[in-house]
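Okay, so here's the structure we're looking at.
The structure presented is a predicted model; accordingly, all values stated were derived computationally and were not measured. Numbers restart at 1 for each chain; the letters A, B, ... are given by sequence-line order, proteins then strands. Heavy atoms only: backbone and side chains are in, while hydrogens, waters and symmetry mates are out.
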Amino acid sequence: MSEQYAIECRGITKIFGGKVTANDHVDLQLKFGEILALLGENGSGKTTLMNMLSGIYRPDGGTIFVRGEEVFINSPVDAMNLGIGMIHQHFKLVNVFSAMDNIAIGTKGRRLSTAKMREKIREISSRFGLEVDPDKKIYDMSVSEKQTVEILKVLYRGSDILILDEPTAVLTPQETEKLFAILKKMRDEGKAIIIITHKLNEVMEISDRVSVLRKGKSVASVNTAETDELKLTELMVGHSVDLSIRRPETDKKDGVLKVSGLSVTGAEGMKMLKDVSFEVKGGEILGVAGVAGSGQKELCEAITGLIPFEQGSVKLEDTELKGKSPFEILNLGVSISFVPEDRLGMGLVSSMGITDNMLLRTYYKTPGLFIDRKPAKEMADKLIDRLQILTPGTETPVRLLSGGNVQKVLLGREIESAPRVLITAYAVRGLDINSSYAIYDLLNEQKEKGVAVLNIGEDLDVLLALCDRILVLCHGEVTGIVDAKNTTKEQLGLLMTGIKQEKEAAHV
Amino acid sequence: MSDHTTHKEPLLRVSKRRELTKRQAFGVKMISLLLALIAGGIFLAVLGFNPFVIYGTIVSGAFRSKLAVQGTVKLMIPLLISALGVTLAYKMQFWNIGAEGQIIMGAVFASYFALFHSNWPRPVLLIVMLLAAMIGGGIWGLIPAFFKNKWNTNETLFTLMLNYIALHIISFLRDGPWRDPANPGFAKIATFEENATLPKLFGVHIGWLIALILFVLVYIYLKYTKQGYEISVIGGSKATANYAGMHVKKIIIRTIFLSGAICGIAGFSNAAGSDLTLATGVAGGVGFTAIIVAWLADLEPLGILVVSFLFAVLDKGSSVIQSAYGLSTDCSDVLEGIILFFVIAGGFFVRYRFVPRKRKEEKGGENA
């Protein structure tokens, strides 16, 4: 072999349950000293492929070569021994341990003395520009700090092949910059890096090469310098697409949802929301931006009555919602629809079919002891038809549907109640491009109907394109409410890190 | 750096299956039942018995005579009733393993009227006993549900411990306040007067009728009522139930009361139909077997009907082979255990499968 690859996959195939082919003869090459972006829609098999490299799944066919040698990676320990380190999207850290303890667990042999470990951590940190206090407990850390610990963990174990699964999903633009600087340093030190991401601009910025997967097959590997975002999207989707998001002009109606001075205390006595005030007008989409865990969840749940709040008021067209239970709020007549972040754990019952899920918010409204499934079945059929939901039938448990279809079921049901206010939390998280655009269209449709839409989002580009105004939360406080048309991503990023908006605050 | 272990593939590895259809899952269960019978057969053969004869005797033993059939049905009644009872709780993901105690308390409450109001007209007395049993079992379920709601106590431990309290309440009553004065030598509770016992229909006390009615009611309740729907939603996710505006705590209290009340009926039927008195063995482990029945049936009432019948056959048949072949109780317990082991292990294969190592030459040549 003239050139030795860090990782080479030849004809990797993975079939789940004899039915779903997640990977179909996938080929992939990764060199030392390069950053490879792995791109693909959801369900295209990226994560499956990476899980095979990190020993979580085993391929059903094909061979993996690491450093030119054929290997079988049977467990994460094998992957570690081969120098492959994976940084998962959901961190695998022990919350009550310090950074150093987290780094130490899972390493082989006897634990080094504290002084030696500290020295080694410092050495690695300074080499790659990682900033971590080894004695800080994980629960005291920000998301980006936790990620740094994860990276440190794999570097400490001597990994020189790193796989990062959507590392930027939880970061502010500034934190992303920092991460990219670290990754570039690692590349220059000769490490091999695979980064999975949905965000095309990041692919363009960070990677040297891009491999694209579509429906479990590898469709192309291109040099980043020789391609652009549009070409990559076409490779991903398989046909040309229009990437612009519509923002229709509407007549705004004042006073649909008014939140003032809202404060919420979390389960551990922490202030989750501090004196939050804003208004959502009828016919507008108000976006909410912020680093994950800045109070978005509490905001949604306080408005819908799921968690009580001690201070402030939430007014829905002159009706005060403070002190009302979710049941009372549902029965107000003017409805609030809510598409929660946890679709299968909160918005739907995962083991039930679409029909039974349609009943969730309305089942008690019919008189009598028995449940009336007929209208629900009709509604299910209607939604399947109108939103093009792919499902074997109305009685198939919704957990078996793909993410996009699950979201269509949930959003479809919530829209069906003709709400005055629609709250959506991370409406397109985990959805592929086509589904995402279908969801944006549905939100715009509601906006044009005069509904007040509160849209919690994470992709700043999307928020800027879709929303009329954007509210930024940081540590439970509103750091600014800006007009989406004349705001940049950098400005949002600064607000997300807590630098308050100064003079513009007045103009909203 | 590469370790030698990474150059070999393991002989067998476990991998998660995609969800099976109901029919496939049923197939897996049937195969495990067959394997259970084979393994049990080997066990019997080692003991020197002919497995075919023994299995044949189990089945024929349960049905060989009218009396045997009646005996089988009698075993099935409490099993069916209490399995239906615990199912309500399990559908809601409330781990009620206190059926035993709830059966006992049902029997205790019913016995009070049997012992001290036996002069009431029979239909009135029996209905009052039934209601009392439901309240007794229901209260025994309410206690852990209340504390679960209030302080999030662990219902598994709580319901388990209440079983022992219930058991010793019977001992206390037997040795103290309810001791039969007509029986000075030996502490027991008086036999019920005929007025306080369940009448017979087709040779078996009408507990079987009660069980069948309960089966229909529970089936309808879970499948077609709003309350049944609420139970399924809470079982799916409490967060979803909250989101849907349900009063989760209220529903938990109501459901667990019903769950306990149904188990209490099993106690009433056992005391007033089989034992004709209140004895410490009134539940006799039925509350635990009911848990197995409920899970083997995937918490489906129709399945519970079938499984509790099969259990009764196995139970009755085992007692016949004990007497007919001198097989000791322990041996038939082992046999029952083997069968259960396989059937429950079958559940594993509904979700997982073993993948054997591929042979070398197959590799790479899969491009077809």
Part of residues 223-230 of chain B lying next to chain A, heavy-atom separation under 4.5 Å
B/K223, B/Y224, B/T225, B/K226, B/Y229, B/E230
With a sphere of 6.0 Å drawn around NZ of A/K217, does it hold more than 12 non-hydrogen atoms of other residues, nucleotides or ligands?
no
Part of A/T362 within contact of chain B (heavy atom distance under 4.5 Å)
neither
Measuring from A/L330:CG to B/M246:CE, what's the distance to the nearest 0.5 Å?
10.5 Å
A/L306 versus chain B, heavy atoms under 4.5 Å apart: side chain, backbone, both or neither?
side chain
Highest number of heavy-atom pairs under 4.5 Å with chain B among A/E328, A/E414, A/E301 belongs to A/E414
So with a 6.0 Å cut-off around NZ of A/K365, is the heavy-atom count from everything else above 12?
yes
Checking an interface table here. Which of residues 234-243 of chain B come within a heavy-atom distance under 4.5 Å of chain A?
B/G236, B/S237, B/A239, B/T240, B/N242, B/Y243
Counting only heavy atoms not in A/K297, do more than 12 fall under 6.0 Å of its NZ?
no
For the candidates A/D372, A/T304, A/D356, which exhibits the highest count of non-hydrogen atom pairs separated by less than 4.5 Å from chain B?
A/D356
Within 6.0 angstrom of B/F341 CZ, more than 12 heavy atoms from elsewhere:
no
Structural part of A/L359 lying under 4.5 Å from a heavy atom of chain B
both
Among A/G368, A/S351, A/S350, which residue has the highest count of heavy-atom pairs closer than 4.5 Å to chain B?
A/G368
